[in-house]
Peer 1: 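Sharing a structure below in structure tokens format, with a few things to ask.
Order of the sequence lines sets the chain letters (A, B, ...), proteins ahead of strands, with each chain counted from 1.
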There are 2 protein chains.
Amino acid sequence: MAIRPAEQLIHKAAWLYYAHGLRQDEVANQLNISRASVAMYLRKARETGIVNISTSTQLFTDDVMARKVEDAFGLDAVWIAPENAYLADPSTDIAVLAASVFLELVKKGDRIGVAWGRTVYTIADIMSFADLQDVTVVQLCGNLGAPYSYRPDQCTMEIARRLNAKGLNFYAPLVLSTEGLAKSLRGEPVIRDQLAGIADCDLALYSVGAVDADSHLVKCGALSPAEMEALRSQGAAGVIAGQIIDARGEVLDCSYNRRVISAELASLRAIEKRLMVVQEDTKFEPLLAAIAGGLCTHLVVGAHMAERLLQHAGAAIKKAS
Amino acid sequence: MAIRPAEQLIHKAAWLYYAHGLRQDEVANQLNISRASVAMYLRKARETGIVNISTSTQLFTDDVMARKVEDAFGLDAVWIAPENAYLADPSTDIAVLAASVFLELVKKGDRIGVAWGRTVYTIADIMSFADLQDVTVVQLCGNLGAPYSYRPDQCTMEIARRLNAKGLNFYAPLVLSTEGLAKSLRGEPVIRDQLAGIADCDLALYSVGAVDADSHLVKCGALSPAEMEALRSQGAAGVIAGQIIDARGEVLDCSYNRRVISAELASLRAIEKRLMVVQEDTKFEPLLAAIAGGLCTHLVVGAHMAERLLQHAGAAIKKAS
DNA sequence: CACGGCTCTCGACAAAAGTCAAATTTACAT
DNA sequence: ATGTAAATTTGACTTTTGTCGAGAGCCGTG
């Protein structure tokens with residue numbers, strides 16, 4: 001950390017204010033500094049995670065719909081963000097909820113796998129700071145060197161920063177031009193270790209991508225729109241940690257996937273808590289695929305998506321009977 | 001819980017304010033209520049534990065002295081409240097710290113054993129509310145029916161209330177007049193179950209009492225000052241959960257102990273995290289006894305007490321060499 | 001159906017917290 | 001030693017929050 005005396009002061013101010021319930025001016029003359037400084041220290045304390053303000057996410061799981069989705073898909077826990085009921089921008093609401101849920105799921109000493117995407121980055125961005133000890137955040141997939149603001153390593157690093165945790169980045173590109181090169185790279189000790197460490201995670205945070213021209217994979221140049229379309233007709237249903245999955249949630253057998261450096265789905269499934277967050281309603285099928293593939297134990301979605309999931313489950317039951 | 005609509009509103013207000021960072025007036029017209037109501041809801045949210053504000057207790061463990069005490073006595077974690085550096089009343093500071101530490105140690109689904117005493121009651125009294133799910137608070141010792149404000153069952157209940165947890169009380173007196181009656185009572189199914197359940201706790205919270213006329217045991221009439229003095233000369237060194245222990249931290253072999261209904265020390269030792277809090281400097285020897293008996297893995301004390309502990313440890317080492 | 005007693009809500013005021021530009025200190029390179 | 005840039009601190013100001021008594025709505029009861 002930075003300078004000791006400052007840290008110490010922040011901590012003392014936070015302690016007197018939040019734990020003992022003194023007023024700012026009382027804290028100020030306890031510590032012989034101005035009230036303005038106290039206010040500043042307190043802000044820093046909040047930003048650093050020395051004090052933690054968290055709101056229970058109970059309400060969002062207590063929902064009957066959430067329970068139904070849990071039952072219908074065999075998930076451990078589901079949170080539903082009530083759409084447009086609260087705020088102008090519903091996707092922000094989902095991200096805020098996801099961040100809270102995420103912070104609730106993280107424990108001291110945990111190892112956390114983080115994938116990549118707009119959703120994950122949004123979450124990282126609005127997530128409040130926490131002072132977890134002994135936490136490691138590992139990147140689940142290789143990097144996309146695109147001129148993009150949310151790169152995989154940025155997601156990892158930002159979340160690590162907010163948790164006061166150690167960030168373990170992947171020093172490899174997400175996609176290589178030949179299968180052979182990808183294979184060799186995967187064999188490299190540095191990369192190999194990183195990949196092997198993924199199954200040891202306690203918690204994973206990711207979203208699922210759609211298989212269309214709007215996908216990051218296309219925008220970052222990993223695949224052309226035409227290639228994406230081709231994959232789609234080959235059965236591609238979604239994107240997880242940079243890999244293409246089919247409707248059953250298995251890795252699609254295609255050249256692209258063989259050229260990717262990313263967590264194996266088996267490793268992901270080995271992670272105890274897999275938190276999946278889906279913001280866009282268009283990602284219905286990708287989400288179904290991810291759930292089918294057992295890539296998600298904890299789910300955060302909007303109300304609309306939850307309804308579609310339930311409709312789908314209902315239809316499936318009818319069809320079966 | 002109480003009425004649903006009110007709960008719902010509190011939750012929504014808390015969510016918008018704390019998670020989304022809106023101002024109170026913004027929340028107010030989102031929910032179409034007055035700002036004053038919002039302020040009120042937010043207070044309730046804090047009081048209910050729907051929002052949690054916690055300050056890291058890091059600083060108090062980071063202390064070099066804390067580390068030394070940990071090493072010298074083989075404890076898992078030690079927190080030291082800097083005496084008089086902060087506030088007028090140092091004992092409050094210890095209690096506030098203890099409450100924070102306690103809340104940090106509690107996990108969802110835990111079973112918590114709580115003993116009895118002024119210290120424990122003070123902690124219960126200043127502890128902030130939390131919305132833990134699935135937590136059970138069990139009483140570690142029988143009741144003292146004295147006209148006292150902090151009775152064992154009150155400690156248990158108050159803590160349970162603050163945690164939104166289930167409280168399991170002991171429906172038996174702490175001390176009986178004959179050994180035979182105590183034995184029979186211990187055999188009663190209700191009591192037997194309660195006693196058996198203690199070893200299953202994940203966390204215990206207690207203090208240690210001194211063997212003198214100021215002890216609660218004397219004040220509540222369980223023992224006369226003369227009896228206390230006699231026990232002292234027989235080797236009594238402290239009081240844990242209503243039982244008299246000797247300097248090694250074992251149950252003293254005496255009639256009083258055989259007439260007591262309380263957790264067996266073996267059960268207490270079976271609890272993973274044993275948080276002991278000592279406020280008074282006079283409880284030095286009782287604390288040593290408790291530590292010697294392995295009744296404490298996590299310790300919260302004042303700076304002065306910590307120094308005495310270290311001195312003692314230093315002296316013991318010198319003597320040995 | 002009128003009546004206390006009850007809780008809930010709001011407006012207005014008081015208190016507290018946040019903010020910002022200027023002043024002061026500190027750190028460091030010259 | 002000395003000037004300069006960066007960081008810290010502060011007083012004065014604004015905005016936000018807390019509080020309290022008055023009034024409105026609600027219910028069971030006589």
Peer 1: Specify the separation, in whole Å, of atom CG of B/Asp25 and atom P of C/dC10.
Peer 2: 14 Å
Peer 1: If I take atom CZ in residue B/Arg23 and atom C1' in nucleotide C/dG18, what distance separates them, rounded to the nearest angstrom?
Peer 2: 12 Å
Peer 1: Could you tell me if the side chain of B/Asn143 sits less than 4.5 Å from the side chain of B/Trp116, heavy atoms only?
Peer 2: no
Peer 1: Tell me whether B/Glu47 is salt-bridged to B/Lys44, with the criterion being a basic N under 4.0 Å from an acidic carboxylate O.
Peer 2: no
Peer 1: Could you check how far CD of B/Glu26 sits from C1' of D/dT17, rounded to whole Å?
Peer 2: 14 Å
Peer 1: Phosphate oxygens OP1/OP2 of C/dC8: is one of them under 4.0 Å from a side-chain N or O of B/Tyr41?
Peer 2: no
Peer 1: How many whole angstroms separate atom OH of B/Tyr17 from atom P of C/dA17?
Peer 2: 11 Å
Peer 1: Within this structure, what is the CE-to-C1' distance between A/Met40 and C/dA16, rounded to whole angstrom?
Peer 2: 18 Å
Peer 1: Have A/Thr119 and A/Thr122 got a donor and an acceptor in their side chains that come within less than 3.5 Å?
Peer 2: no
Peer 1: On the nucleotide D/dT19, are OP1 or OP2 found under 4.0 Å from the side-chain N or O atoms that B/Arg35 carries?
Peer 2: no
Peer 1: Would you mind reporting whether B/Arg111 and B/Val137 have side-chain heavy atoms less than 4.5 Å apart?
Peer 2: no
Peer 1: Output yes when A/Arg161 and A/Glu158 qualify as a salt bridge under the 4.0 Å nitrogen-oxygen rule, no when they do not.
Peer 2: yes
Peer 1: Under a 4.0 Å N-O cut-off, is there an ion pair linking A/Glu104 with B/Lys108?
Peer 2: yes
Peer 1: Whole-Å distance between C/dC10 P and B/Leu31 CG?
Peer 2: 11 Å
Peer 1: Between B/Arg162 (side chain) and B/Ser128 (backbone), is there a donor-acceptor pair under 3.5 Å?
Peer 2: no
Peer 1: Mind calculating the distance between CG (B/Leu22) and C1' (D/dT16) to the nearest angstrom?
Peer 2: 14 Å
Peer 1: Protein within reach of the bases, or only the backbone? For nucleotides 20-25 of chain C, mark each nucleotide 5' to 3' as B, S or -, using heavy atoms under 4.0 Å.
Peer 2: ------
Peer 1: Look at the side-chain N and O atoms of B/Arg46 and state whether any lies under 4.0 Å from the OP1 or OP2 oxygen of D/dG18.
Peer 2: yes
Peer 1: Quick one: A/Leu9 CG to D/dA7 P, roughly how many Å, whole number?
Peer 2: 18 Å
Peer 1: With a 4.0 Å limit, can you tell me whether B/Ser37 has a side-chain N or O closer than that to the phosphate oxygens OP1/OP2 of C/dC10?
Peer 2: yes
Peer 1: Respond yes when some side-chain nitrogen or oxygen of B/Gln24 is under 4.0 Å from OP1 or OP2 of D/dT15, and no when none is.
Peer 2: no
Peer 1: Please classify the nucleic acid contact of A/Leu42 as base, sugar-phosphate, or nothing, using heavy-atom distances under 4.0 Å.
Peer 2: nothing
